[in-house]
Amino acid sequence: MVESKVFLDPTLGWILLAAFSALWIGLGIYWGKRNKSFEDHALAGRNVGLALGTATAAATWITSNTTMLAPQFALQLGVWGMLAYSTAAFGLILFAPMAKRIRQLMPHGYTSGDFFRLRYGRVAWAIFLVFTLFYSLTWLVSMAMAGGILLEALAGIDYAWGMSVILAVCVIYTMRGGLAAVIGTDFIQSLVIIVGICVTGFAVLQNVSVSEIHANLTATKPALLDVLFPAAVMAIFNNLLFGLGEVFHNNVWWSRAFAFRDGVASKAFLMGGLVWLPIPVAAGFIALASGALGVAVPSADMVGPLVVAEVLGSAGAIAIFIVVFCSLASSIDSLLAATSDLVTEDIWRRLLHPSSSAESLKRTAQFVTLGLGVLTWLVCLPRIGTLATVLFFAGPLVGSMIWPIVTGLYWRSANTVGAVGAMLLGAGIGLYCYFSIGWYVATLIATAVSMVWTLGACGFAKGRFDWTVLKEAA
Amino acid sequence: MTFSEGFLSVLIYGSLIWCGLSALGLAAMLIRDGKSGEIW
Amino acid sequence: MLDFARFPEKHAVARARSVLAFLAILITTIAPAAAFASPPTFSPDMALASDSGQVDVQWQADGEVTLTMSETSRGTKLVYKGTDSRIFLSGLRDGDYELRLAGEDGSLSEPVVVEVRPQSLSRALFLVLIGALVTLGIVIVVLRGARHG
């Protein structure tokens, strides 16, 4: 980070932060009034329409990483870097038919944990819970930390304050409004982000043409235009599978599949994926323009703001501040809501208090959201830089769950031995390769190993699963 | 083998225009859902 | 969407900063004027080999510096002129790159040579092949399931 360069006056930064915070909390409280039961709170009454459904799928997938890391990827890995990042959209697109299937098979389901418990039994469920909680909590922590670091770099707001405000705002409106507030604010946030990226992109192109960018890259950074740039090429499928693993297993996406109205789920995920697809290129290409614009880049992770501030001055700094704040909020709120529902449904209700009433479950979910927020805050406060790298371990974990999930949804021969072995072997070997070879093979190998094991187990399976087991009544 | 200038143009302008259209599309869908009372 | 390209180098930066701060104090208290300014130096923590064509160049200097880079068998290029103490270079092709800093008074640093040796292309393409097969498998299971389900 470039602490010495602040793009926005801190007072203006605080005003923007306060204005958006007030807006999100106000909307959260307003939309929260609709929620009477746990079903309303966790799944927005299972009646979300197409527009909100599409926007929430896209907005949740647009994180601060998408808007900030896409330029970094472009600067480090060039054209392939942007394209490889775009492949993450396939996670949403491929989840579209799965969401339809999930709703058919589990009309009363709440979480992805319900699926693992009913489909593969308690051992697989326990492994799933460990994997998914590790992933969700590290994602949450890395996002909150990124929030604090970015607000400090962009507007000189102290790390601890910026991180605390973002987290507190998201906790308050998610607690009060549940999934409805998350989905409602996601719609506004997605529009702000997309319009912001679009306007900034065209503004950059007013100052430098594609032909100048291309000429500058050819002269000074030729490998970024190389079609066979090894560092970029080998990351493509690792990245794609990481994205598939994240979407397929996580309750952020399953809770949306349950929350969308009948007939909407599949279309919303497909369109959400299509809305997301161009964003890494639209947000990332500005990094390629840094050379042609004469912007010196001290560290790769700040290339986006540097280029925008150079071209657009303080208007650009305001735009980037708002876009970053919206992309952080749209992901933190979703993770808080989906993870608290997972803990409430899978641990509190199914393991500890099976006879809880709908009203008490809603209260429990609210307290769990608060608890998650406090936990995240405590972990983020010391600002341990190496913590963000822990998130990379999640790749093999989520990759190893892809095959148990897709075969579990479509094949009656998929079984517990297959699922448990695929998750343990895939994640174990993937993590081993992470350390012995490199991050760029970890998810790929984890997924490949779990595929071979799953296919073998299905091939040898004698029993056939009874789909009606998944229709467990709430 | 390198990515040509034409390819880069199509990629960049294509993405930006796609983003613009999807923002309009989202807004239009919300209005349509609102008219038929199907927002949620 | 996760981020797996950001490997923090906080320690290196912190070390470089403390060295810089120490030097700054030393210079302001001991050295009376720029006439005695020491020549700019590259940070000893800088990585001098890259398999991805990226170099995080860091240095210590008093005031403005000019950073030039010369590639084996090609000419010398101006890379940076200014008062920062760090610049990120990327997109470098296979080759040896000699970097040199010049201070405001014309004093020159010792040069450093950065070796860029890209990863094996055949291994990269092999990984693409495995990735494509695994992904194709997933797509087939989902799409066939969706059609028959």
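What's counted below: heavy atoms across the whole structure, side chains too, no hydrogens, waters or symmetry copies. Letters go in sequence order (proteins before strands), and every chain restarts at 1.
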What part of [X] gets within 4.5 angstrom of chain C, counting heavy atoms only: side chain, backbone, both, or neither?
{"X": "A:Ile402", "value": "side chain"}
{"X": "A:Phe229", "value": "side chain"}
{"X": "A:Leu217", "value": "neither"}
{"X": "A:Val441", "value": "side chain"}

Can you check whether [X] reaches [Y] side chain to side chain, under 4.5 Å on heavy atoms?
{"X": "A:Tyr410", "Y": "C:His148", "result": "no"}
{"X": "A:Ile437", "Y": "C:Arg123", "result": "yes"}
{"X": "A:Asn238", "Y": "C:Leu127", "result": "no"}
{"X": "A:Phe237", "Y": "C:Val134", "result": "no"}
{"X": "A:Gln76", "Y": "C:Ser52", "result": "no"}

Contact origin within C:Gln119 toward chain A - heavy atom pairs under 4.5 Å: both

Chain A contact via C:Ser120 - which portion, at a heavy-atom distance below 4.5 Å: backbone

Does a sphere of radius 6.0 Å around NZ in A:Lys100 hold more than 12 heavy atoms from other residues, nucleotides or ligands, not counting ones at 6.0 Å or beyond?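 No.
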
Heavy atoms from other residues, nucleotides or ligands near CH2 of A:Trp453 exceed 12 (cutoff 6.0 Å):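 Incorrect, the count does not exceed 12.
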
Restricting to non-hydrogen atoms, name the atom on [X] and the atom on [Y] that form the minimum distance, rounded to 0.1 Å.
{"X": "A:Pro97", "Y": "C:Ala146", "result": "CB-CB, 3.9 Å"}
{"X": "A:Leu224", "Y": "C:Ser90", "result": "CD1-OG, 4.0 Å"}
{"X": "A:Leu444", "Y": "C:Gly131", "result": "CD1-CA, 3.3 Å"}
{"X": "C:Lys77", "Y": "A:Ala219", "result": "NZ-O, 3.3 Å"}

To the nearest 0.5 Å, tell me how far [X] [atom1] sits from [Y] [atom2].
{"X": "C:Ile130", "Y": "A:Ile445", "atom1": "CD1", "atom2": "CD1", "result": "6.5 Å"}
{"X": "C:Gln54", "Y": "A:Leu77", "atom1": "CD", "atom2": "CG", "result": "6.0 Å"}
{"X": "C:Phe88", "Y": "A:Gln72", "atom1": "CZ", "atom2": "CD", "result": "7.5 Å"}

Among C:Leu121, C:Val142, C:Thr135, C:Leu143, which residue forms the greatest number of heavy-atom pairs with chain A at distances under 4.5 Å? C:Val142

Would you please test C:Val141 and A:Trp411 for side-chain contact (heavy atoms from CB on, under 4.5 Å) and show each step? CA-CA 9 Å; C:Val141 174; A:Trp411 292 1; 3.7 Å; yes

Pick out which of A:Leu240, A:Leu241, A:Thr407 makes a side-chain contact (heavy atoms from CB on, under 4.5 Å) with C:Ile138. A:Leu241

For chain C, which of A:Trp403, A:Phe248, A:Phe90 has the most heavy-atom pairs under 4.5 Å?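 Sorted descending by pairs with chain C, the first entry is A:Trp403.
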
Which residues, numbered in order, of residues 94-104 of chain C come under 4.5 angstrom of chain A by heavy-atom distance?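 Hits under 4.5 Å: none found.
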
